[in-house]
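Presented below is the structure to which this report refers.
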Amino acid sequence: MSLNKLRNIGIAAHIDAGKTTVTERILYFTGTNRKIGETHDGAATMDFMKQEQERGITIASAAITCKWNDHQINLIDTPGHVDFTVEVERSLRVIDGMVAVFCSVGGVEPQSETVWNQADRYRVPRIAFINKMDRTGADFEAAVSQMNKYLDANALPLQIPMGAEDAFIGMIDIIKQIAYTFENNVRNEIPIPNEFKEIAVQARKELVEKIAEYDDEIMELFFDEQEIPDEMLMKAIRNATLKLLITPVCCGAAYKNIGVQLLLDAVVNYLPSPIDAGAIIGQDIDDDEKSHSRNPNNTEPFSALAFKLINDPYVGQQTFIRIFSGKLESGMLLYNSTRLKNERVGRIFRIKAKEREEISEAGAGEIVALVGMKLTKTGDTLCDPHNPLLLESIHIPMSVIELKIQAAKQKEKEKLGEALAKLINEDPSFHARFDEETEETIISGMGELHLEIMVDRLKEEFKLDVEIGEPSVSYRETITESVESTYRHVKQSGGHGQFAHTVMRLEPNTGEGYEYVNIIKGGVIPNEYIPSVDKGIQKTMERGILAGFPVVDVKVVLIDGSFHPVDSSDLAFQLCGGQCFKQGFLKAKPILLEPVMKVEVNTPDDYIGEVVGNLNRRRGKIESMRRYRKGAQKVVAIVPLSEMFGYSTHLRNITSGRANFSMEFSQYSPLTATLQEQVLKKLKEKGK
């Protein structure tokens with residue numbers, strides 16, 4: 001198949017906007033599925049995990065291949081819940097275009113903004129689908145207006161809905177000036193009804209006027225008041241979409257099978273092929289300043305990015321990859337330039353959600369799953385061993401919440417460790433560590449639901465009986481002052497001893513993470529031991545110093561030191577670096593940082609006072625309040641995570657169940673001295 005006829009797209013939106021329903025309809029109308037699976041019945045093709053079916057939400061991004069109008073569409077359905085934002089992140093890294101689904105009643109909701117910003121980061125062209133036009137309160141124009149106001153989307157409606165709510169019967173194609181109705185899953189072309197004729201003609205004029213801004217030829221014809229051919233308009237819309245200048249907007253009611261075929265037409269007409277997406281740029285593995293480009297064709301050296309790992313009970317671990325260039329064949333030797341190791345390809349599969357089709361080769365632009373990869377992790381680059389390069393990895397957000405977990409039976413302790421290792425492999429935003437002092441295993445993730453799902457999976461998939469503690473906040477540690485620290489590590493135990501000596505300066509590095517700078521002159525510490533000091537510091541930072549939480553935002557400058565020709569070693573300098581850092585850290589006025597969340601509450605006007613008052617009592621800062629829809633407001637606040645446990649129950653109580661909220665991680669902020677003292681005291685009592 002020609003690469004021009006391939007579309008790698010993602011479907012993303014706020015939770016409950018109807019993305020999975022849209023996807024199910026796409027699979028039905030493209031002939032991939034013979035019947036429609038419903039989310040609320042737990043029968044959606046893409047939601048095949050037991051946890052997804054029980055909750056009616058998407059948790060893991062699922063990949064599937066389908067065909068429409070002689071085009072192949074590789075489709076990735078992504079979660080809308082903010083706890084699984086890493087799933088959206090890794091999907092956006094490998095797709096070429098995106099369909100953003102909005103609810104016609106809710107409009108732009110919190111996760112819509114998060115997904116939109118993620119798509120901006122990866123410069124992904126997108127089209128929008130205003131769904132649920134049949135719902136009470138549906139308002140197409142309001143949703144489009146919110147897209148412009150809150151997302152700066154430069155939305156360009158390609159359709160006019162005919163009616164809304166119960167009266168919604170179809171839509172008018174503004175470009176072709178044709179009306180469509182839908183009966184028994186069939187779209188019917190009809191002349192535009194009289195009551196919509198004037199609106200449709202005016203809408204086309206406005207569309208031409210807007211597109212003329214991006215196309216000189218159309219601009220000339222527009223000023224000469226000449227008729228503009230449909231094909232010319234569509235080509236100009238496509239070009240402007242690919243350059244991220246506009247967002248074409250379609251509408252429909254996916255649940256009632258209205259508008260999905262037109263959305264598929266728009267995917268083919270306006271979203272990019274791998275050729276439109278252009279060459280991928282990778283870094284030289286030996287020289288950070290140099291880069292290499294790979295064009296999307298089968299004759300270029302092979303390059304691909306691993307973006308997802310799944311443990312399949314039948315075939316073992318599946319590694320999903322997006323091929324950017326070159327040809328892949330079973331048994332081929334690849335170079336993992338992230339791990340600096342070779343990997344041999346086992347079997348290659350084209351995936352249809354939980355079903356799979358084995359293929360012997362795959363080419364540029366394709367998304368496939370590999371079985372038999374031993375070293376490759378999420379975000380790793382796979383490439384031709386003779387033409388290595390390193391592709392941009394995937395942004396992994398910080399975990400903010402922790403939970404103590406243990407196997408109920410002592411004999412299952414080892415099994416728990418193995419199961420956690422598999423889950424960490426699959427989900428890079430999920431972490432587990434063993435606290436040697438308290439002999440407890442602590443898991444951490446993106447939110448309460450994230451950890452709840454992981455615990456559920458341990459019980460269901462791995463058949464483990466586990467006990468869990470209360471969720472707690474995952475703090476971070478940092479410093480507020482610059483200090484110099486000296487440490488001499490000397491150990492004599494018969495035979496060779498251990499000797500290392502380091503002098504380092506610790507500086508606050510707010511918002512910039514960890515930085516290690518070596519300014520040693522004259523070889524007072526041999527070059528081979530400089531990375532050992534760094535390794536020792538990083539190990540100490542992971543374990544934490546003040547209260548066992550990871551250390552962040554510190555710059556370490558290695559100034560001086562000394563060594564012994566016989567007794568110095570890699571281990572000695574690791575231990576010395578760690579201790580020197582620890583001593584300096586404790587002198588540099590260390591503080592705890594707490595995760596602070598962006599909270600959005602949608603509430604009827606009647607309860608606005610109670611909602612705002614309650615957020616203030618939770619140490620929240622109100623950032624904005626705006627009209628959400630008639631009779632309801634949206635409150636945006638920044639609130640510490642520690643104050644948000646149990647908030648959903650409380651919000652239900654104070655608003656008689658009529659308000660809803662969502663929250664996502666915003667930043668880490670310093671705790672006040674009083675609160676820090678309280679937290680440290682509590683942790684000491686718990687024996688952390």
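All residue numbers refer to positions in the sequence shown, counting from 1. Worth knowing before you read on, the calculation uses all heavy atoms, side chains too, and leaves out hydrogens, waters and symmetry mates.
Proximity of a side-chain donor or acceptor of T478 to a complementary backbone N or O of V552 within less than 3.5 Å is detected. For T21 (side chain) and Y255 (main-chain N/O), no donor-acceptor pair under 3.5 Å exists by modelled atom type. When atom types are taken as modelled, the side chain of D139 and the backbone of S104 share no donor-acceptor pair closer than 3.5 angstrom. Under a 3.5 Å cut-off, the side chain of T540 and the backbone N or O of G536 do form a donor-acceptor pair.
For the pair Y270 and T247, the minimum side-chain heavy-atom distance is 4.5 Å or more. Here the side chains of I608 and T603 are in contact, with some heavy-atom distance below 4.5 Å. In this structure, the side chains of I11 and V22 come closer than 4.5 Å at one or more pairs of heavy atoms. When side chains are defined from C-beta on, K598 counts as touching V636, because their heavy atoms get closer than 4.5 Å. At a threshold of 4.5 Å between non-hydrogen side-chain atoms, the residues R126 and D120 count as touching. Side-chain contact between V99 and L263: present, with at least one pair of heavy atoms (C-beta onward) separated by less than 4.5 Å. Looking only at side-chain heavy atoms (C-beta outward), M98 and I9 stay at 4.5 Å or farther from each other. In this structure the side chain of F645 reaches within 4.5 angstrom of the side chain of I401, judged on heavy atoms.
Of all heavy-atom pairs between P428 and T378, the closest is CG-CG2, 3.9 Å. Nearest heavy atoms, S474 versus Y668: O-OH, 2.9 Å. Smallest separation of non-hydrogen atoms from I95 and G10: CD1-N, 3.6 Å. The shortest heavy-atom contact between L271 and P125 is CD2-O, 3.8 Å. In plain terms, the two heavy atoms of Q146 and G106 that are nearest each other are OE1-O, 3.8 Å. For the residue pair G379 and L305, the shortest heavy atom distance occurs at O-CD1, 3.6 Å.
Within 6.0 Å of the NZ atom in K149, the count of heavy atoms belonging to other residues, nucleotides or ligands does not exceed 12. By the neighbour-count criterion of 12 heavy atoms within 6.0 Å, atom NZ of K377 is densely surrounded, having more than that number from other residues, nucleotides or ligands. More than 12 heavy atoms of other residues, nucleotides or ligands lie within 6.0 Å of CG in N148, so this atom counts as buried by the packing criterion. Residue-environment remark: NZ (K535) stays at or below the threshold of 12 foreign heavy atoms within 6.0 Å. Summarising the local packing, CZ of R93 is surrounded by more than 12 heavy atoms from other residues, nucleotides or ligands at distances under 6.0 Å.
Below 30°, between 30° and 60°, or above 60°: for F585 and F581 the angle between ring planes is between 30° and 60°, a tilted geometry.
Here the straight-line distance linking atom CZ of R619 with atom OG of S642 works out to 4.5 Å at 0.5 Å rounding. Separating the CG atom in L309 from the CG atom in D427 is a distance of 11.0 Å, to the nearest 0.5 Å. Within the model, atoms CD1 of I479 and OG1 of T510 stand 9.0 Å from one another, a figure rounded to the nearest 0.5 Å. Distance check, rounded to the nearest 0.5 Å: OG of S145 to CE of M147 gives 10.5 Å. Residue C250 holds its SG atom at 4.5 Å from CD of Q159, rounded to the nearest 0.5 Å. Expressed to the nearest 0.5 Å, how far CD of E677 lies from CG of L592 amounts to 11.5 Å.
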Please walk me through it: do L458 and I405 pass side-chain contact (heavy atoms from CB on, under 4.5 Å)? CA-CA 11 Å; L458 287 169; I405 188 166; 3.5 Å; yes
Could you walk me through whether L546 and R476 satisfy the side-chain contact (heavy atoms from CB on, under 4.5 Å) test, starting with their C-alpha distance in whole Å, then the side-chain angles of each, then the deciding distance to 0.1 Å, before giving a yes or no? CA-CA 10 Å; L546 197 60; R476 294 289 183 269; over 6 Å; no
List the steps and the verdict of salt bridge (Lys or Arg N to Asp or Glu O under 4.0 Å) for R135 and E165. CA-CA 5 Å; R135 284 283 183 90; E165 303 181 347; over 6 Å; no
Chi angles and distances behind the side-chain contact (heavy atoms from CB on, under 4.5 Å) call for Y122, V94: CA-CA 9 Å; Y122 293 115; V94 296; over 6 Å; no
Check step by step if side-chain contact (heavy atoms from CB on, under 4.5 Å) holds for Y516 and V557. CA-CA 6 Å; Y516 177 66; V557 183; over 6 Å; no
Derivation and outcome, salt bridge (Lys or Arg N to Asp or Glu O under 4.0 Å), residues R543 and E477: CA-CA 10 Å; R543 288 194 295 267; E477 302 178 9; over 6 Å; no
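Using modelled atom types and a 3.5 Å distance limit, the side chains of N614 and Y607 yield no donor-acceptor pair. In the model, N660 has a side-chain atom that pairs as donor or acceptor with a side-chain atom of N602 under 3.5 Å. Under 3.5 Å, the side chains of K210 and N154 contain a donor-acceptor pair of N or O atoms.
Annotation: cation-pi pair R121/W116 absent, no NZ/CZ under 6.0 Å from the ring centroid and within 45° of its normal. Judged by the 6.0 Å and 45° rule, R626 forms a cation-pi pair with Y150.
A salt bridge is defined here as a Lys NZ or Arg NE, NH1 or NH2 lying under 4.0 Å from an Asp or Glu carboxylate O, and E484 with R505 fails to meet this definition. Comment: R433 engages E402 in a salt bridge, judged by a side-chain N to carboxylate O separation of less than 4.0 angstrom. Under 4.0 Å is where a charged nitrogen must lie from a carboxylate oxygen, and between K555 and E512 no such pair does. Note on R627 versus D605: salt bridge recorded, some NZ/NE/NH1/NH2 to OD/OE distance being below 4.0 Å. Using a 4.0 Å cut-off between a side-chain N of Lys or Arg and a carboxylate O of Asp or Glu, D96 and R322 qualify as a salt bridge.
For F129 and F102, the distance between ring centers is not under 6.0 angstrom.
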